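Remember, it's a predicted structure, so these values are computed and weren't measured experimentally. Atoms within a ligand are numbered from 1 in the order they appear, just like the ligands themselves.
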Amino acid sequence: MGMKSDIELIKDGKRLDGRGVNDLRPITIKAGVLERADGSCYVEWGGNKVLAAVYGPQECLPKHIASPHRAVLTYRYNMAPFSVEDRKRPGPDRRSIEISKISKEALERVVLLEKFPNTMIKVFVEILQADAGTRCAALTAASVALADAGIPMRDLVTACAAGKIGGEIVLDLGKKEDNFGEADVPVAILPHTKEIVLMQMDGQLTPEEYRKALDLSIDGCTKVYELQKKALRERYVEGVD
Ligand code: UDP
């Protein structure tokens with residue numbers, strides 16, 4: 001973010017990949033793609049390829065982290081070594097630990113954890129290919145996987161980023177836009193109440209620009225939500241067990 005470059009990120013209202021300022025990248029969502037997990041989801045979002053798997057509610061291990069009041073939710077965001085241009089060193093790093101923490105906190109706002117005391121619900125997200133916006137794609141996939149597992153929730157969590165490139169506020173930054181743009185604002189909401197459950201900012205924006213980016217990312221979330229519902233509906237129509 002904010003690297004100096006001669007690349008013109010936006011020209012006559014068109015972006016590098018031909019998108020307009022308010023356009024999402026192409027997104028496909030499929031629920032129920034893994035047989036061994038209780039729930040799963042595969043998302044392609046532009047160049048991002050993301051797989052989410054959910055287990056539980058199941059016995060809480062280690063036992064000392066169990067709660068008699070609610071299920072313990074865990075979230076692991078992991079990038080495959082081959083997911084990025086320079087090989088990603090396997091294992092957790094500061095960035096993936098941070099993303100896992102805030103994504104877990106977002107999901108804790110929707111999962112009815114109090115229904116399953118003394119258990120745990122585990123969410124794993126594997127980034128198979130990364131092209132900017134992976135935390136949003138991951139959280140979007142994770143909430144569909146939770147629904148696919150039949151875990152009761154108040155709502156889905158839907159995520160999408162907006163940002164600033166070439167002086168303009170745009171939706172859903174791609175890799176070059178993320179690298180050479182001015183700001184990136186990932187947001188996750190509960191689509192019914194528009195409650196914000198994740199909000200971050202990389203780069204700099206004025207308060208007015210920030211408001212505009214926030215509104216735009218919420219618009220993006222609304223579109224992503226339709227695709228999440230479609231994926232879950234298709235899962236039942238297909239009647240996979
Ligand atoms: N990235 C990378 N190596 C890393 C982490 C990130 O190449 O170790 C790339 C990857 O394409 C990622 C992008 O940088 O999608 C933007 O990363 P950021 O931390 O902004 O998170 P994201 O936008 O993916 O949620």
Side-chain angles (χ1 to χ4, degrees), residues 1-5 7 9 15-17 19 23-29 41-52 75-107 123-145 157-166 169-189 196-205 209-210 213-214 216-218 220-221 223-224 227-228:
M1 183 62 47
M3 255 187 273
K4 283 268 172 280
S5 116
I7 300 177
L9 292 174
R15 297 155 70 176
L16 291 177
D17 58 2
R19 278 188 292 157
D23 295 340
L24 287 167
R25 289 173 284 180
I27 299 175
T28 56
I29 306 182
C41 176
Y42 177 62
V43 169
E44 287 191 1
W45 183 321
N48 295 311
K49 296 184 179 182
V50 174
L51 198 50
Y75 188 105
R76 191 188 73 181
Y77 166 102
N78 183 55
M79 277 186 145
F82 48 80
S83 65
V84 289
E85 215 164 283
D86 303 312
R87 175 181 178 275
K88 157 77 175 70
R89 188 170 175 269
D93 52 23
R94 281 174 65 106
R95 176 177 170 279
S96 66
I97 292 167
E98 172 215 314
I99 293 174
S100 299
K101 177 180 185 290
I102 56 170
S103 305
K104 172 186 106 111
E105 288 167 358
L107 291 177
V123 181
F124 297 92
V125 189
E126 297 293 324
I127 309 300
L128 306 175
Q129 190 170 287
D131 200 40
T134 57
R135 72 194 65 203
C136 292
L139 202 40
T140 296
S143 79
V144 171
V157 167
T158 303
C160 187
K164 184 180 172 190
I165 58 164
I169 303 299
V170 302
L171 188 62
D172 186 25
L173 271 57
K175 184 79 179 83
K176 284 212 174 77
E177 296 175 331
D178 185 89
N179 283 356
F180 302 117
E182 292 98 280
D184 185 26
V185 181
V187 172
I189 63 166
I196 294 168
V197 292
L198 179 149
M199 187 164 68
Q200 295 185 287
M201 180 162 83
D202 186 12
Q204 287 191 334
L205 293 176
E209 287 172 336
Y210 185 76
L214 184 59
L216 193 55
S217 56
I218 291 172
C221 288
K223 291 177 191 147
V224 174
L227 301 173
Q228 288 177 300

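Near Asp131, the atoms of ligand 1 lying under 4.0 angstrom from a non-hydrogen atom of the residue are 11 (O), 15 (O). Counting the atoms of ligand 1 from 1 in the order shown, those under 4.0 Å from a heavy atom of Asp178 are 16 (C), 20 (O). Interface of Ala130 with ligand 1, defined as ligand atoms under 4.0 Å from a residue heavy atom, comprises 10 (C), 11 (O), 15 (O).
Between Thr134 and ligand 1, at least one N/O pair is under 3.5 Å apart. Taking distance alone, with nitrogen or oxygen atoms compared against 3.5 Å, Met79 stays at or beyond that limit from ligand 1. Between Asn48 and ligand 1, no pair of N/O atoms sits closer than 3.5 Å. The shortest N or O to N or O distance between Val84 and ligand 1 is not below 3.5 Å. In terms of polar-atom proximity, Arg95 is counted as a contact of ligand 1, with an N or O under 3.5 Å from an N or O of the ligand.
Contact of the Thr140 side chain with the Ile27 side chain is not registered, since no non-hydrogen atoms from C-beta on lie closer than 4.5 Å. In this structure, the side chains of Asp23 and Asp172 stay at 4.5 Å or more apart for every pair of heavy atoms.
We find that Arg19 and Glu177 are joined by a salt bridge, their nearest charged nitrogen and carboxylate oxygen being less than 4.0 Å apart. Between Lys101 and Glu105 there is a salt bridge, since a side-chain N of the basic residue sits under 4.0 Å from a carboxylate O of the acidic one. With respect to the salt-bridge test (charged N to carboxylate O, under 4.0 angstrom), the residues Lys88 and Asp93 qualify.
Using a 4.0 Å cutoff on heavy atoms, Ala132 counts as a contact of ligand 1.
In plain terms, the two heavy atoms of Ala130 and Val84 that are nearest each other are CB-CG1, 3.8 Å. Counting all heavy atoms, side chain and backbone alike, Ser217 lies closest to Cys160 at CB-O, 3.5 Å. The shortest non-hydrogen separation linking Ala161 to Cys136 is N-SG, 3.8 Å.
Among Lys175, Gln200, Lys88, the residue whose heavy atom sits closest to atom 11 (O) of ligand 1 is Lys175.
Here the protein heavy atom with the shortest distance to atom 23 (O) of ligand 1 is Gly133 N, 2.7 Å.
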